[in-house]
Amino acid sequence: MFKFILKRVIEAIPTMLILITVSFFLMRFAPGSPFSSERTLPPQIMENINAKYGLDKPVMEQYTTYLTNVVQGDLGPSFKYKDFTVNELVTAALPVSAKIGSFAFIFALFFGVAIGTIAALRQNTWIDYCVMSTAMLGIVMPSFVLAPVLIYIFSINLGFFPAGGWLDGSLQYMVLPVLGMAMMYVATFARITRGSMIETLNSPFIRTARAKGLSFSYIVLKHALKPAMLPVVSYMGPAFVGIITGSVVIETIFGLPGIGKLFVNAAFNRDYSLVMGITIIIGFLFILFNAIVDILLAYVDPKIRY
Amino acid sequence: MYKNKITQALLLATGISFAATSFTTLAANVPDGVKLAAKQELVRGNGTEVASLDPQKTQGVPESHVIRDLLEGLVNQDAEGNIIPGVAKSWETADNKTFTFHLRKNAKWSNGDSVTAHDFVYSFQRAVDPATASPYAWYLDMTTMTNASDIIAGKKDKSALGVKAVDDYTFEVHLESAVPYFVMMMGHTTVKPVHRATVEKFGDEWTKPENFVGNGAFLVSNWVVNERIEMTPNEYYWDNAKTVLTKVTYLPIENQVSEMNRFFSGELDFTYEISNEHFKNLQKEHPESLAIKGSLCTYYYNFNTHKPPFDDLRVRKAVSYAINRNVVANILLGQGQKPAYFLTPEIISDFSPELPAYGKMTQKERDTKAQALLAAAGYNQSNPLKFSLLYNTSENHKKLAVAIGSMWKKTLGAEVTLENQEWKTYLQSKKQGDFEAARAGWCGDYNEPSTFTSLMEGSNTTGGIHYKSAEYDDLIKRGIETTSASERKELYYAQEALLAKDMPLAPIYQYVQTRLVNPHVGGYAGNNAEDKLYSKDMYIIAE
Amino acid sequence: MLTKKQNLDALDNFSDNLEIEGRSLWKDARIRFMRNKAAMVSLVILLAIIVAVIVVPMFAEFAYDDTDWYALHQAPSAAHLFGTDSLGRDLFVRTLIGGRISLMVGVLGAFVAVVIGTVYGATSGFIGGKVDRAMMRLLEILYSIPFMFLVIVLVTFFGRNIVLIFVAIGAIAWLDMARIVRGQTLSLRGKEFIEAAHVCGVSKWNIIRRHIIPNVLGIVAVYSTLLVPSMILTESFLSFLGLGVQEPMTSWGALLQQGAQTMEIAIWQIAFPAAFMVVTLFCFNYIGDGLRDALDPKDR
């Protein structure tokens, strides 16, 4: 175990370095500068601004400077939000997305797996079709449709929840965004679970268990569920990072100060340092959660060795 | 028109040495008989998140709205858009080159310090200082303030700027040429004062709520990026007694439908804008909440006159004539937008030139003329005109591009490719001249035609660079140099006439500003064309 | 005299021939798929939709870009079956014509994702060790690179091009697939029949091709039907960045995006494209399930 973690940590360093390098240069290839605006600035003013943010130096020098700062934990000043550093913006935004994302993820995982299992046990009956069709609606209905519908019903007509805002994450502000975000993942988890559960239930060891006369629900919970979770676990790593790093659509519609919106706005504004900062965070989370998933995979299927 | 006359009078008055003496004091002037609500809290939609609260670092409209409540400049505007005293209680000039502002002695910073002429000297110098790297430094250059352009270019020290504190309460500005509308320009965000000691102590951090020191009616108390900015009244503000609101909240909501939803669920008192598609429905169902006013903005299409097919004047004219501006303004938009035949919107003060010839024709005549021009330029059915129209991604721009593209197709048989790009890519393409026709729009920085006409000057990289007309540049130059207001006006008219003749751009419509305003909000400045809304003038009426 | 290697090859060929003569995995799957009613009905509906989006717009009364200033936001009527949009364009024709690009992007995008993702994931999982770790680290990098910039740079350098849409979509869509397939492969690798194949001296590539991939196809079929809707929606995001379809041409993703803005006042603008999309996706869903059942090698 210790060796596994150590290996991962050592591997993470070149991975991050490549990620930073590729993203840094990719961004500089994109047209437009952080300071271009509708009324193009006079050249002298542009020079002054570039000098202030170090953009007048050769790109290679900017790159090495950036790398040196990142190693020291300094992600630099934001080019767009001039009153904040990238560190401040990310520390403020990540918890918001992570909080909503974690709730949505738990919700989606629980209901997705439950629905998928039920559907698999009643394969090709009306229960299966009903449950799965309902879950499918979550996939078919994109969040930019679902979220306004939720707002229309629960905020404007019923007045149960506010139509947006965050207010330090009080509960009533979280319900709709969590729902809006979870629906798509519920369906995904349900589909994957159902498929894999059906396959598992057809395996010899389940047949053996049934032949032994064990109760069916005992078999499902004790024997089938764990191996059937294999593809769900594989999917979980990227899904979890995707979900806690926020959804632009949900955050925009509900006016949440999360990292998903921050990231997309940063990209549109060519806020180089902010984009880089968030890219680094996302990359780090991917590496972390993929490692966790690999540990989980070995737990789910003890035969897996690395 | 009425409004125009007042501002015209003001302008003339400033031209012939004028001292403002008795203005009616304007703050939240609650009319008699209006019962105020117990809870005086206002929530305003503000479009996007502000880039900064530092007046010398910003350039956008949302920033201006917030900063207007936090910092007070030399002059303010009243509900009609007229210039009224701010920190300066009066001002005078003899030649429109040297302006003397007399500051009020009771103006205070939120830490109790007095607001003095030295603060303005510091702030103006800060705006042009290359170290500040203000994106709007050109604004001071535009006033022809002495040495401004040399300081921006790094050729002179910032202390050389033509500003002087004669004493603590007398602030003097020197310009290189006579600018009669100079006082009006002093209402802009870039020329708001900042508190020197605070800025020097905290550097870039000075705008954080815990560090902030301002001289406006409100103080920022809480700021969550991308969610909200909250303000409470500044008890040191000289006119604080008149402030009625106890809290103002700005919400950056980019999506118009979300904003509307939050308005109707009661979380918002007025919106930043409204969705075009919902307008007609709102007009029917919530007429009491709709607020529409003219706006100092023009929507137009730019032609690249250096590249075929638009290097041919006939093609430019044909394409411009074939746009059915009445359909665009009245049917597709229909909120009170007006067809545009000038770059400068007609709402701007003291601007009412004669319509160019094509503006007076009917659309049918224009279409016939356009077809003839295009045929003369050598395009016909077997050789149709082909070009691409560039616009930045947005529902509204897309809608108009599709509509106008179909007009061109029907009237001229032109094959138009629509090309959308996200904002920064679009700016880059435009700057590099990598387009044939492109959407553009501009909103005035101050209420005077030069804020528009200067766009087409040959050195202006936004528009003029794709036009480059020596004749036009000469007219601009003479407009800046002249000392006579009436001659300047004629020069503006001549500039517009030349634009109609050369057609480097096709004006399309003049904007209106449309909002949802909860009827319980009092003091909303519904006629201020520059949309300068001061929260201190507003109050909440009891239901 | 035959060398050992030739011997093995012959054996391999022989077994190949044997399978073709007998009931091959694929033939067997086809028979079982045909027996699945839900899947077959879905297939018929899907084919009907495909034919409709190709043929009907050619004979429709309106063209997809015909504007009508006097018929903005019209509710469905005899003249306009699905109503009109904000520029008075006929939504019936636009919905059908939008299906062309969306179906193409959905199916081809998912196909690209399935092929690359399956091969990549199976290879990584099966070979394991350093190769697996390197391949997974590469995946992590690809996950984290700001996709928007990739698209913007692609557009800048190569201009607007339909092929680019697939490159851009394919570039991200296969990542999840690869992770899932790898997870399954890791578990399969320890199974007895794989070890048996190993002992018989079957080459690694052949084990992946003939044993691993058929065994993961079930989950692949399920997950790929989930990919189709996300492909269709990704396409509309690409339009936002200037890639993807451009007005006046349209796609289901674009129609949904626009319709969502006017839901409260013109429900038909979202209802019809959404209905088409829902039906299509349910079809894909049942076809996916049918494939999964048909391809399951354990379930003969």
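Bear in mind that the values here come from a model prediction, so they are computed numbers and not experimental data.
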**OP:** Using atom types as modelled and distance alone, determine if a side-chain donor or acceptor of B/Q371 lies under 3.5 Å from a backbone N or O of B/A322.
**Re:** no

**OP:** Measure distances from C/Q246 to the heavy atoms of chain B and classify the residue's part below 4.5 Å as side chain, backbone, both or neither.
**Re:** side chain

**OP:** Indicate yes or no for a side-chain donor-acceptor contact from B/D269 to the backbone of B/N518 under 3.5 Å, with no hydrogens or angles considered.
**Re:** no

**OP:** Answer yes when C/D65 and C/R89 have at least one side-chain N-carboxylate O distance shorter than 4.0 Å, and no when they do not.
**Re:** no

**OP:** Find the one option among C/M263, C/E264, C/M148, C/E247 whose heavy-atom pairs under 4.5 Å with chain B are most numerous.
**Re:** C/E247

**OP:** Please look at B/K399 and chain C and tell me whether the side chain, the backbone, both or neither of the residue comes under 4.5 angstrom of a heavy atom of that chain.
**Re:** both

Original post:
What part of B/K409 is in contact with chain C, defined as an atom under 4.5 angstrom from a non-hydrogen atom: side chain, backbone, both or neither?
Top reply: side chain

Subject >> Contact origin within B/N330 toward chain C - heavy atom pairs under 4.5 Å >> reply: neither

Original post:
With respect to chain C, which residue among B/K280, B/Q428, B/E422 yields the maximal number of heavy-atom pairs within a distance under 4.5 Å?
Top reply: B/E422

Original post:
What residue in C/A260, C/P248, C/A266, C/S86 has the most heavy-atom pairs under 4.5 Å with chain B?
Top reply: C/S86

Original post:
Any idea which of B/N281, B/N392, B/V327 has the most non-hydrogen atom pairs under 4.5 angstrom with chain C?
Top reply: B/V327

Subject >> Interchain contact, B/E277 with chain C, by part (heavy-atom threshold 4.5 Å) >> reply: both

Original post:
Taking the six-membered ring of C/W69, is NZ or CZ of B/K410 closer than 6.0 Å to its centre and within 45° of its axis?
Top reply: yes

Subject >> B/Y301: which of B/I508, B/V319, B/L390 passes side chain to side chain contact (heavy atoms under 4.5 Å, CB included) >> reply: B/I508

**OP:** Examine distances only and state if a side-chain atom of C/Q269 and a backbone atom of C/T84 form a donor-acceptor pair shorter than 3.5 Å.
**Re:** yes

Subject >> Sole candidate of C/L108, C/I232, C/T280, C/V228 that passes side chain to side chain contact (heavy atoms under 4.5 Å, CB included) when paired with C/L103 >> reply: C/T280

